A.B. asks: 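Below you will find the structure I want to go over with you.
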Amino acid sequence: MTKNPQPASNEQPATAAVPLALARSRRTTIRLHPADDVVVACYGLTAGDRLDGEGVTVVDPIPSGHKVATRAIAAGERVLRYGQIIGVATRDIAPGAHVHVHNLDMVEFEREFAPAVDARPTEYVPQPATFLGIRRADGRAATRNYIGILSSVNCSATVVQAIAEHFRRDIHPEALADFPNIDGVVPITHGVGCAVDPRGVGLRVLQRTLRGYAQHPNFGAVVAIGLGCETNQLEDLMEVDLSAVDRPVVGFNMQDVGGTAKSIRRGIELVTGLLPEVNDVRRVPVPAAELIVGLQCGGSDGYSGITANPALGAAVDRLVRHGGTAILSETPEIYGAEHLLARRAHTPAVAGRLLDRFAWWQEYAHRMQAELNNNPSAGNKAGGLTTVLEKSLGGVSKGGSTDLMEVYEYAERVREHGLVFMDTPGFDPVSATGQVAGGANLICFTTGRGSAYGCQPTPSLKLASNNELWLRQREDIDINCGDIVSGFSTVDEVGERIFQRMLSCASGERSVSELLGYGQNEFVPWQLSAVM
């Protein structure tokens with residue numbers, strides 16, 4: 001059985017941070033915690049429908065995935081879902097009424113922080129699972145075998161793209177025909193690299209991100225290309241950390257080679273020369289402990305926190321018990337649930353590092369004249385989510401229930417095993433870019449509305465939160481978690497499916513986003529600098 005989240009105040013006893021196991025029966029609604037003031041509609045309800053086990057008659061039309069009140073709620077009263085505060089009623093709400101943006105709003109409240117009080121030793125499995133991975137000379141395991149073409153600055157992006165396109169199997173199948181062990185040639189381009197403070201945090205973060213990609217085990221070789229006069233000098237990028245990389249890393253500046261056309265030819269020559277060496281790999285059994293899985297959610301809906309996210313959390317618990325690593329991120333979309341993560345921190349010091357990142361975000365949002373409660377998006381609201389608190393409580397369940405072992409800054413190399421946290425924005429491509437730079441060799445991405453995303457060099461698995469999305473966009477989705485709502489599967493059963501798919505995808509089985517060709521435009525590093 002899965003467990004419940006800790007309450008936000010002393011009103012309820014503390015419990016673990018995932019929803020109750022869901023019964024195998026047809027039902028009108030789902031209750032996530034005994035203390036909740038709302039339940040979630042399993043399908044569209046109409047006035048006069050009775051709610052199973054609630055003794056309440058519906059008084060408003062309730063869209064699928066949306067909330068319905070189970071008691072009278074007075075204006076100004078706090079409303080609970082997951083046993084946690086998700087907002088305050090802006091008007092009186094009758095039992096059976098639709099609870100959404102028209103009568104529920106964001107509320108700030110005092111979190112009850114108890115760092116590390118729920119930390120527990122992990123019970124590791126006696127015989128860890130394996131996958132078929134590629135063992136690099138530095139000991140790290142790869143799940144794919146690409147060649148990367150990195151641009152130091154936006155000015156070299158066109159050259160980088162042209163070189164990579166020369167080796168695309170769908171355009172020039174002959175280019176890699178003799179190299180079946182190479183997954184492809186990936187352009188890593190971006191829109192920055194110049195007109196920034198050479199000593200500023202923005203350039204440091206960009207360089208850390210690019211180095212993380214250049215060092216990533218899923219690249220068998222890397223060619224880095226600069227213009228020559230940019231702030232992000234190729235020499236600075238390559239000489240600091242890349243000398244220790246065990247795979248070929250070469251580079252040049254366009255101005256030194258003689259311009260665009262000559263640079264494209266030079267790049268094609270370099271890649272062509274690297275092909276035999278990069279192709280000379282084979283897959284071998286690798287412990288699941290070598291998996292580093294980035295956790296993402298995008299286009300979330302009212303079901304995400306009931307099905308796909310907790311099911312992914314169940315898979316993460318399995319991964320951790322097998323010695324692997326999962327990276328929870330998207331700091332602004334954990335806002336309002338950070339106290340739950342702090343309770344699970346391995347030590348009070350880890351909890352302190354987590355809370356320091358949230359303090360930084362409060363200051364950052366204030367400086368940028370923004371608010372952390374600017375979520376959910378229009379699509380999230382259409383799917384049933386009302387406040388960032390509600391979204392965060394569902395999002396944090398992706399992290400399962402084991403201890404939070406460490407906290408990392410954006411694109412920092414992840415070295416700790418178990419569940420870790422990386423500070424990133426909530427925007428999925430930016431967040432995933434940081435995770436990949438940190439070493440993620442697999443991504444699991446939940447969605448309720450149908451996010452379109454893929455990643456190279458790291459494969460991405462897409463998880464649907466509801467059956468309607470699965471039927472509508474089946475070619476975009478790897479795993480359907482909607483049968484949890486239908487009652488045909490439990491959270492734990494779907495978690496096992498996800499874990500097994502992690503292993504098969506890491507072993508080389510293509511995800512649907514790979515089959516669709518996603519991943520060559522999704523490198524989006526976090527831009528923190530002022531552009532001068």
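Owing to the predicted nature of the structure, the values given are computational and were not obtained by experimental measurement. If you read the sequence from its start, that first residue is 1, and numbering goes on from there. Note that these values count all heavy atoms, side chains included, but never hydrogens, waters or copies made by symmetry.
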A.B. asks: Is there a side-chain contact between Thr209 and His190, using heavy atoms and a 4.5 Å cut-off?
C.D. replies: no

A.B. asks: In this structure, are over 12 heavy atoms from other groups packed under 6.0 Å from Glu363 atom CD?
C.D. replies: yes

A.B. asks: For residues 434-456, which residue pairs qualify under ring-ring contact (aromatic ring centres under 6.0 Å, His included), counting only residues two or more places apart or in two chains?
C.D. replies: Phe445-Tyr453

A.B. asks: Checking side-chain polar atoms at under 3.5 Å, does Ser329 have a donor or acceptor matched by the opposite partner on Gln435?
C.D. replies: yes

A.B. asks: Given Thr143, which partner from the list Asn441, Asn218, Asp183 fulfils the side-chain hydrogen bond (donor to acceptor under 3.5 Å, both in side chains) test?
C.D. replies: Asn218

A.B. asks: Please walk me through it: do Asp36 and Thr70 pass side-chain contact (heavy atoms from CB on, under 4.5 Å)?
C.D. replies: CA-CA 8 Å; Asp36 286 353; Thr70 58; over 6 Å; no

A.B. asks: Using only atom types and a distance under 3.5 Å, with no angle test, would you say the side chain of Thr424 pairs donor to acceptor with the backbone of Gly434?
C.D. replies: no

A.B. asks: Please work out whether the ring planes of His100 and His98 are parallel, tilted or perpendicular, with thresholds of 30° and 60°.
C.D. replies: parallel

A.B. asks: Taking Ser507 for its side chain and Phe131 for its backbone only, find out whether a donor-acceptor pair lies under 3.5 Å.
C.D. replies: no

A.B. asks: What pair of heavy atoms forms the shortest contact from Thr122 to Val320, and how long is it?
C.D. replies: CG2-CG1, 4.0 Å

A.B. asks: Taking only residues at least two apart or on different chains, which pairs with a member in residues 281-297 satisfy salt bridge (Lys or Arg N to Asp or Glu O under 4.0 Å)?
C.D. replies: Arg135-Glu290

A.B. asks: Spell out, as yes or no, whether a donor-acceptor pair under 3.5 Å connects the side chain of Asp52 to the backbone of Thr28.
C.D. replies: yes

A.B. asks: Tell me, with the steps shown, if Val350 and Leu354 meet side-chain contact (heavy atoms from CB on, under 4.5 Å).
C.D. replies: CA-CA 6 Å; Val350 172; Leu354 176 72; 5.8 Å; no

A.B. asks: Do the side chains of Ile85 and Leu80 get nearer than 4.5 Å, heavy atoms only?
C.D. replies: yes

A.B. asks: May I have the step-by-step check of salt bridge (charged side-chain N to carboxylate O under 4.0 Å, His left out) for Glu412 and Arg208, ending in yes or no?
C.D. replies: CA-CA 7 Å; Glu412 190 178 358; Arg208 187 165 69 217; over 6 Å; no

A.B. asks: Taking the side chain from Glu333 and the backbone from Thr331, do they hold a donor-acceptor pair closer than 3.5 Å?
C.D. replies: no

A.B. asks: Minimum heavy-atom separation for Val281 and Arg136, please, with both atom names.
C.D. replies: CG1-NH1, 3.9 Å

A.B. asks: For Ala337, does its backbone N or O pair with a side-chain atom of Arg111 as donor and acceptor, under 3.5 Å?
C.D. replies: no

A.B. asks: Can you list every salt bridge (Lys or Arg N to Asp or Glu O under 4.0 Å) pair that touches residues 497-507, not counting sequence neighbours?
C.D. replies: Asp478-Arg501, Asp483-Arg497, Arg501-Glu509

A.B. asks: Applying ring-ring contact (aromatic ring centres under 6.0 Å, His included), which residue pairs with at least one partner in residues 492-524 are found, sequence neighbours left out?
C.D. replies: Tyr213-Phe523, His322-Phe499

A.B. asks: Can you tell me if Thr458 uses its side chain to pair, donor with acceptor, with the backbone of Ala440 under 3.5 Å?
C.D. replies: yes

A.B. asks: Under 3.5 Å, is there a donor on one side chain and an acceptor on the other for Lys398 and Thr446?
C.D. replies: no

A.B. asks: Please, which pairs that meet ring-ring contact (aromatic ring centres under 6.0 Å, His included) have at least one residue in residues 403-430, sequence neighbours excluded?
C.D. replies: Tyr410-Trp526

A.B. asks: Taking the side chain as C-beta and beyond, is there a heavy-atom pair between Ile86 and Leu104 under 4.5 Å?
C.D. replies: yes

A.B. asks: Between Trp361 and Phe358, does the ring centre distance come in under 6.0 Å?
C.D. replies: no

A.B. asks: Please collect all salt bridge (Lys or Arg N to Asp or Glu O under 4.0 Å) contacts where either partner lies in residues 416-441, sequence neighbours excluded, each pair once.
C.D. replies: Arg357-Asp423

A.B. asks: Using only atom types and a distance under 3.5 Å, with no angle test, would you say the side chain of Ser392 pairs donor to acceptor with the backbone of Tyr335?
C.D. replies: yes

A.B. asks: Is Arg140 salt-bridged to Asp138, going by a charged N under 4.0 Å from an acidic O?
C.D. replies: yes

A.B. asks: Any salt bridge linking Glu77 with Arg71? Criterion: basic side-chain nitrogen under 4.0 Å from a carboxylate oxygen.
C.D. replies: yes

